[in-house]
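What follows is a short report on a single structure.
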Amino acid sequence: MSQRRNQFPFDEFEPRWQQHWEKNKTFAAPNPGDKNFDVKKPKFYALDMFPYPSGSGLHVGHPEGYTATDIVSRFKRMKGFNVLHPMGWDSFGLPAEQHAIKTGEHPRINTENNVNNFRRQLKSLGFAYDWDREIATTDPEYVKWTQWIFLQLYKSYVCEKTGKARPIAELEKKGLSREEIDSRRLAFVADTPVNWSPDLGTVLANEEVEEWRAKGHTVERRPLRQWMLRITAFADRLIDDLDGLDWPEGIKNLQRNWIGRSEGAEVNFSVGGETVTVFTTRPDTLFGATYMVLAPEHPLVDKITTKTQKKAVKDYQKVCSSKSDLERTGLATEKTGVFTGGNAINPVNGQEIPVWIADYVMMGYGTGAIMAVPAHDERDFEFAEKFKIPVIQVVQAPEGNQDKCFCGNGVAINSGFLDGLSTPVAKQNITEWLEEKKLGKKTINFKLRDWLFSRQRYWGEPFPIVWKDGKHFAIDESELPLLAPELEDYKPTGKPEAILSKATTWVDLGNGTTRETNTMPQWAGSCWYYLRYCDARNSDAFISTEAESYWLSADGKPGGVDLYVGGTEHAVLHLLYARFWHKVLYDLGHVKTVEPFQKLVNQGLILGEDGQKMSKSAGNVVNPDEVVKLYGADSLRLYEMFMGPLEQVKPWSMNGVEGVYRFLARVWRLVFEADQEGEWKKRTHLTENEPDKATNKIVHATIKKVGEDIENLNFNTAISQMMVCCNELSRLEVLPVKSLATLLLVLNPFAPHLSEELYGVLRKAFPKLEQKDLASQSWPEYEPSYLIEDEIEIVIQVNGKVRDRITVNREIPQPELEALAQQSPKVQVFTDGKTICKIIVVPGKLVNIVAN
RNA sequence: GCUCGGGUGGCGGAAUUGGUAGACGCGCAGGACUAAGGAUCCUGUGGGGCAACCUGUGCGGGUUCGAUUCCCGCCUCGAGCACCA
C-alpha cells in the first residue's frame with residue numbers, strides 16, 4: 001500500500017488534547033463537600049454499561065454507546081449541569097480464571113493487563129470520563145462493599161404485610177427460632193437441582209447452559225446445596241415499578257414476561273385420602289376438568305399410583321429424569337404420559353377424574369399439578385385426543401368462533417351455578433365459592449425463580465460467611481474485604497466442591513469453624529457499581545448520604561441515573577438483578593430512590609461490513625485501534641454516530657468512515673490550507689466582520705437543530721446539519737470567525753479534539769473570541785429572528801400533485817396567495833376547463849387547488 | 001405459536017399532531033486542477049421518457065383535497081420468549 005497523507009494532523013493533536021484534559025482534570029465532577037462544588041448546578045448522571053475487560057480488547061460496539069453518552073455529557077456540561085460520567089471494569093469472570101488454569105498465573109495479573117489495555121483504548125477516544133472515579137469490581141475496596149451489601153441481604157427478610165425488606169433482628173426480637181429465621185433471610189441456603197459442569201468446575205445459570213455446551217463442555221443436573229437470593233419476594237414490585245421508567249417498551253416487556261405474573265386460583269382435589277392442590281388461571285372451567293396431571297417428580301405420585309400401574313409409572317419417571325429441562329420443554333414434541341391408576345374428586349361436582357403423570361407439567365411452576373380442561377386448553381386438548389379422554393365444553397365461545405379448542409373469554413355453560421356468567425365474572429364467583437368452602441383460594445403465580453447466587457469458581461467475591469455445627473454465620477463487617485487466598489493451581493477438581501476448598505488453611509478456622517468456599521457470580525459487582533461511582537473513594541460507606549442524595553436525586557421520578565446506555569443482552573439479567581438490589585437497599589434506608597435507572601437506551605448491534613454479526617471466524621471484526629490509527633478518534637466517534645439511529649442494528653462501512661473523515665477535513669480547511677511544501681498554514685480569509693444574514697441563518701439553525709437532536713439522541717441528523725453548515729461556510733469568500741467559532745462549539749461534543757485544536761488557533765489570532773477551551777464554554781443560544789426568512793417558497797398543488805413553486809413574502813395575505821397560485825401558467829395547464837371547487841392553504845407551506 | 005421492532009434509491013439513512021418523498025453521507029458518472037491523482041473542487045444522480053409528463057416509500061384495500069405517515073387485511077426480515085397450566 002502506498003503511503004497516504006493524513007488530511008489533517010489528528011495523530012499529532014488528538015493525543016495532545018487527551019493529555020491536556022487529563023492533566024487539567026477537565027472532566028472531574030465535584031461531589032457535595034468538595035471545594036469547587038457549586039450547589040446551584042443541577043446534576044446529570046450519564047452511565048455506560050461498564051465492560052468486561054476481555055483479552056481481545058475493545059470492539060467497535062463499545063464506543064457506540066460510549067460516544068452517545070459522551071456527547072450528551074459534554075453537551076449537558078455546556079448547558080451548566082454538574083455531570084457525572086464515569087467508567088470502570090466488570091473484572092471478575094471466567095475467562096481470566098481459564099487463563100489462570102492454563103498458565104498458573106494469578107487471574108489478577110491477566111485481569112490487570114486487560115484493564116490497562118481497555119483503559120488505553122478508551123482514553124485514545126477522548127471520552128470525557130472522570131477517571132478519578134474509576135472502579136474495578138475486583139478491587140479489594142470494591143469487594144469489601146459488595147460483600148457488605150451481601151451481608152445486608154443476609155441480615156434481612158421481607159415483611160409479609162408490607163412486602164418490604166426489614167432487618168432480621170426484628171425476627172430475633174420476636175423470638176423466632178434459628179431455623180425459622182434462616183428460612184426467611186433474603187440470602188439463604190437451599191438444596192436445589194442445578195446445572196453443574198464438572199470440567200468448568202462450577203454451576204451455571206439456566207441461560208448459560210446452552211452457550212457452554214456448544215463450546216464442548218458437559219453440563220449435568222444434580223441437586224446441590226446453594227446460596228440463593230430471594231428475588232421472588234420482590235416480583236410484584238419489579239413488575240409494577242417498570243411503569244414509571246423511561247425504558248424501551250420491549251425491554252420492559254421482556255422483564256414482565258420473565259417475571260411472568262399470572263393470576264388465578266389454587267384448587268384442592270382429593271385423591272385417595274390425599275389432597276392435591278392444582279394451580280389454574282381458569283378456575284371458571286372447573287366443571288370441564290376431565291382429568292388431572294401431576295408432574296412426574298410430584299411427591300404424591302408414589303402414594304397415588306395403584307399396583308397395576310406401578311411399573312409403567314416408574315419407567316416413565318425414569319425416562320423423564322434423564323431429560324434436561326431443555327429437552328423436555330424445548331421443542332414442542334408429542335404429548336406423553338402415563339395413567340397412575342388413581343382418581344381425583346372434582347370438588348365442584350364430586351365427579352371422579354383420572355390422575356395422570358406427564359412431562360408437560362413442570363414441578364417448578366405452580367404446584368406441579370394441573371386440572372386438565374381439554375375443551376379450553378390446547379395442551380390438554382392435544383393430550384386428551386391422544387389418550388381418548390373425554391372433552392366437556394364449559395365455555396360458550398362468542399358467535400362465529402369455530403375453534404375446536406376455545407381458550408378465550410366467553411360465557412359459562414354446563415357449569416351449574418356458573419352458567420350464563422361471563423368468563424371474568426365466573427372466575428370471581430367460583431374463586432369466592434372455593435374460598436368459602438375452604439377448597440381453594442385466589443393465587444398469583446410467578447415464573448421468576450429465586451436467584452442461584454453461588455459459584456464454585458475462584459475469581460469471584462468469597463461469601464463473608466463461616467460455618468459451625470452445620471449453621472452459617474456472617475463474619476464481622478470489620479473483617480471485610482474477605483479476599484480469596486492464593487492457590488497453587490486453579491484447576492477444577494471435577495467434584496461439585498468449590499475450588500476454594502483446596503485452600504485448607506484458609507478454610508479451616510479451628511474449633512470446627514470453616515469458611516464458606518463458594519464465590520459470588522459476576523453479576524454481584526455489576527448490581528451496584530452505579531452507586532459506587534457517586535462516591536468511589538469512600539472507605540467508610542459504600543456511598544455517602546450526601547453523594548447519594550445529590551447524584552441520584554430523581555425529582556419525583558422513580559430512578560436516579562438520568563441516562564443509561566447499553567446493549568439488550570442484559571435485559572433480564574443485570575437490569576433485573578440491579579433493580580432487585582436497589583429495592584432492598586431502598587427498603588433498608590440506604591438509598592432514596594425506588595429504582596436505579598430512570599432512562600434506559602439500548603444501542604443497536606454493529607454488524608460487520610458483510611451484514612453478518614462480527615466474529616473472528618467470519619473474519620469481519622473491525623478493530624477500533626486500527627480505525628483510530630487511519631482516521632483518528634474524532635472520525636471513529638463521528639462515524640459511529642452518523643451510521644444511523646443509536647438503537648438500530650447497522651452494518652459497518654469503511655467508506656462511511658472515510659465520508660465523515662472528509663467532513664472533518666473540510667472543517668479543518670476552513671482554518672488551514674496547505675502551502676507549496678505541504679505545510680498547514682492558517683488561511684487569510686478569516687474576518688472579525690459581522691456575518692451576513694444567510695450565514696447567521698445557517699449557523700443559528702445549526703445551533704437549534706444540534707441542541708434539540710442531542711436531547712433526543714438523534715446524533716445522525718445533528719451531524720448532517722453540521723455538514724450542511726460546514727458546506728455553506730466553505731463557500732464563503734470571507735469567513736466570519738464568529739460563525740466558525742460557533743460551528744466548532746456545537747461540533748465539540750462530537751469531535752472534541754479537532755474542534756478544540758482549531759478553536760485554539762482561532763482564539764490566539766482573534767483576541768475578541770472567548771479565551772477559554774470549548775469544553776469550558778456555555779452552549780450557545782440561537783437567535784430565533786435569524787431563522788425567519790422574509791421570502792418563502794410556497795408549493796402549489798393541483799389535486800394533490802405539485803405543479804409549481806412560487807416565492808412570496810412571508811406575510812402575504814391568504815386571498816392574495818390563492819390568486820397568485822391560480823395565475824401560475826403551470827397551474828393553469830391543469831385547471832383549464834375545470835371548475836375550481838376548493839382551495840386549501842397550509843400557511844407558509846403550500847396551496848392545493850382542487851379542481852374537476 | 002406469542003411479544004417487540006423493522007421493510008423508503010445501487011448502499012447507510014432523512015422526512016410522520018397527514019402537507020414539496022429521498023436531507024446528509026457513501027457509491028457511481030461527467031468536468032476542473034495536475035506530470036500524475038486513490039487528494040481537492042464543481043456538476044449530475046429513484047425509475048421511465050428527447051420532452052411536456054408519467055410513475056414511485058413491502059403487497060392489497062379504505063379514509064382524505066392530500067397518506068411513507070391514519071385504519072383494515074396480508075407478505076416478509078430481525079430479535080426475544082416458548083408445553084408457565
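Residue numbering restarts at 1 for every chain, and letters A, B, ... go by the order of the sequence lines.
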Discussion item. Tell me every residue that passes side chain to side chain contact (heavy atoms under 4.5 Å, CB included) with A:Glu708, counting only those two or more places apart in sequence or in another chain.
Written reply: A:Lys704
Worksheet entry | Distance between C1' atoms of B:U68 and B:G7 (Å, rounded) | 11 Å
Practice prompt. In whole angstrom, give the distance that lies between atom CD of A:Glu64 and atom C1' of B:G12.
Written response: 13 Å
Worksheet item: Between B:A85 atom P and A:Leu294 atom CG, what is the distance in whole Å?
Response: 18 Å
Discussion item. I'd like the P distance from B:U16 over to B:A21, given in whole Å.
Written reply: 14 Å
Any N/O pairs under 3.5 Å between the protein and nucleotides 51-58 of chain B? List them or say none.
| from | atom 1 | to | atom 2 | distance (Å) |
| --- | --- | --- | --- | --- |
| B:C54 | OP1 | A:Arg803 | NH2 | 3.4 |
| B:C54 | OP2 | A:Arg803 | NH1 | 3.0 |
| B:U55 | OP2 | A:Lys801 | NZ | 3.2 |

Item to complete: Taking only Lys NZ, Arg NE, NH1 and NH2, and the carboxylate oxygens of Asp or Glu, determine whether A:Arg256 and A:Asp243 approach each other closer than 4.0 Å.
Response: yes
Discussion item. Is it true that, when you exclude A:Lys252 itself, more than 12 heavy atoms of the residues, nucleotides or ligands shown sit nearer than 6.0 Å to its NZ?
Written reply: yes
Protein-nucleotides 18-24 of chain B N/O pairs closer than 3.5 Å?
| from | atom 1 | to | atom 2 | distance (Å) |
| --- | --- | --- | --- | --- |
| B:G19 | N2 | A:Asn848 | ND2 | 3.3 |
| B:U20 | O2 | A:Arg805 | NH1 | 2.0 |
| B:A23 | N3 | A:Ser720 | OG | 3.4 |
| B:C24 | O4' | A:Ser720 | OG | 3.1 |

Worksheet item: Looking only at atom P, what distance separates B:G38 and B:G18, rounded to whole Å?
Response: 50 Å
Discussion item. Anti or syn, where syn is a glycosidic angle within 90° of 0; which label fits B:G44?
Written reply: anti
Discussion item. Could you tell me if A:Asp450 and A:Thr232 have a donor-acceptor pair between their side chains, going purely by distance under 3.5 Å?
Written reply: yes
Worksheet item: Name the stems that RNA chain B belongs to, where each is three or more consecutive Watson-Crick or G-U pairs with both distances under 3.5 Å?
Response: B:1-7 with B:75-81, B:10-12 with B:24-26, B:27-32 with B:40-45, B:46-48 with B:53-55, B:58-62 with B:70-74
Worksheet item: If you count the non-hydrogen atoms of other residues, nucleotides and ligands that lie under 6.0 Å from NZ in A:Lys386, is the total more than 12?
Response: yes
Worksheet item: Of all residues at least two apart in sequence or in a different chain, which pass the salt bridge (charged side-chain N to carboxylate O under 4.0 Å, His left out) check with A:Arg379?
Response: A:Asp377
Item to complete: For nucleotides B:A29 and B:G61, find the distance between their P atoms and express it as a whole number of Å.
Response: 40 Å
Worksheet item: Given atom CD of A:Glu382 and atom C1' of B:A85, what is their separation to the nearest angstrom?
Response: 14 Å
Discussion item. Taking ring pair (Phe, Tyr, Trp, His ring centres under 6.0 Å) as the definition, give me every residue that meets it alongside A:Phe383, ordered by chain and number, with sequence neighbours left out.
Written reply: A:Tyr291, A:Trp356, A:Tyr360, A:Phe387
Fill in: Sugar-phosphate, base or nothing in reach of A:Ser653, heavy atoms under 4.0 Å
nothing
Worksheet item: Over how many whole Å does the gap from A:Glu647 atom CD to B:G5 atom C1' extend?
Response: 11 Å
Fill in: Of all pairs that satisfy side-chain hydrogen bond (donor to acceptor under 3.5 Å, both in side chains), the ones with a partner from residues 602-614 of chain A, not counting sequence neighbours
A:Asp610-A:Asn620
Practice prompt. On the 0 to 90° scale, with breaks at 30° and 60°, tag the A:Tyr577-A:Trp451 ring pair as parallel, tilted or perpendicular.
Written response: parallel
Item to complete: Quickly work out the A:Asn253 CG to B:G5 C1' distance and round it to whole Å.
Response: 12 Å
Worksheet item: Can you name the residues that form a salt bridge (charged side-chain N to carboxylate O under 4.0 Å, His left out) with A:Glu378, not counting sequence neighbours?
Response: none
Item to complete: Measure from the side chain of A:Arg379, starting at C-beta and using heavy atoms only, and say which of B:A39, B:A85, B:G80 lies closest.
Response: B:A85
Fill in: Under-4.0 Å side-chain N/O to phosphate OP1/OP2 contact, A:Arg261 with B:C84
no
Fill in: C1'-based separation of B:A51 from B:A14 [nearest Å]
31 Å
Worksheet item: Taking atom CZ of A:Phe287 and atom CG of A:Asn346, what is their separation to the nearest 0.5 Å?
Response: 7.5 Å
Practice prompt. Taking atom P in both B:C65 and B:G48, compute the distance separating them and give it to the nearest angstrom.
Written response: 35 Å
Item to complete: Would you tell me whether A:Asn268 and A:Thr275 have side-chain atoms, one donor and one acceptor, within less than 3.5 Å of each other?
Response: no
All N/O pairs under 3.5 Å across the protein-nucleotides 33-36 of chain B interface:
none

Worksheet entry | OP1 or OP2 of B:G12 under 4.0 Å from side-chain N/O of A:Lys650 | no
Discussion item. Does B:C41 have OP1 or OP2 under 4.0 Å away from a side-chain N or O of A:Arg669?
Written reply: yes
Discussion item. Run the side-chain hydrogen bond (donor to acceptor under 3.5 Å, both in side chains) test against A:Thr831 and tell me which residues pass, sequence neighbours left out.
Written reply: none
Discussion item. Please enumerate all residues that pass ring pair (Phe, Tyr, Trp, His ring centres under 6.0 Å) together with A:His700, with sequence neighbours excluded.
Written reply: A:Tyr786
Discussion item. Please report the distance separating the C1' of B:U40 from the corresponding atom of B:C33, rounded so that it comes out in whole Å.
Written reply: 9 Å
Worksheet entry | N or O in side chain of A:Ser262 less than 4.0 angstrom from B:A85 OP1/OP2 | yes
Worksheet entry | Nearest-Å distance once atom P is located in both B:G49 and B:G10 | 15 Å
Practice prompt. Check whether any side-chain nitrogen or oxygen of A:Gln648 sits under 4.0 Å from OP1 or OP2 of B:G6, and answer yes or no.
Written response: no
Worksheet, complete the sentence: Comparing nearest nucleotides in RNA chain B, the 5'-proximal residue of the pair A:Phe279, A:Val660 is A:Val660
Discussion item. Taking any heavy-atom pair under 4.0 Å as a contact, classify A:Pro645: base, sugar-phosphate, or nothing.
Written reply: sugar-phosphate
Discussion item. In this structure, how many angstroms lie between the C1' atom of B:G1 and the CZ atom of A:Phe381, rounded?
Written reply: 17 Å
Fill in: Interatomic distance where CG belongs to A:Leu448 and P belongs to B:C81 [whole Å]
15 Å
Worksheet item: Where each residue is assigned the nucleotide of RNA chain B containing its nearest heavy atom, which of A:Val850 and A:Gly366 is assigned the position nearer the 5′ end?
Response: A:Val850
Discussion item. Tell me if a side-chain donor or acceptor on A:Thr285 pairs with a main-chain N or O of A:Gly288 at a distance below 3.5 Å.
Written reply: no
Could you give the side-chain donor-acceptor pairs of residues 723-730 of chain A under 3.5 Å, partners two or more places apart or in another chain?
| from | atom 1 | to | atom 2 | distance (Å) |
| --- | --- | --- | --- | --- |
| A:Asn727 | OD1 | A:Arg666 | NE | 3.2 |
| A:Asn727 | ND2 | A:Met723 | O | 3.4 |
| A:Ser730 | OG | A:Cys726 | O | 2.8 |

Practice prompt. Please state how far atom NE2 in A:His685 lies from atom P in B:C41, giving the value in whole angstrom units.
Written response: 13 Å
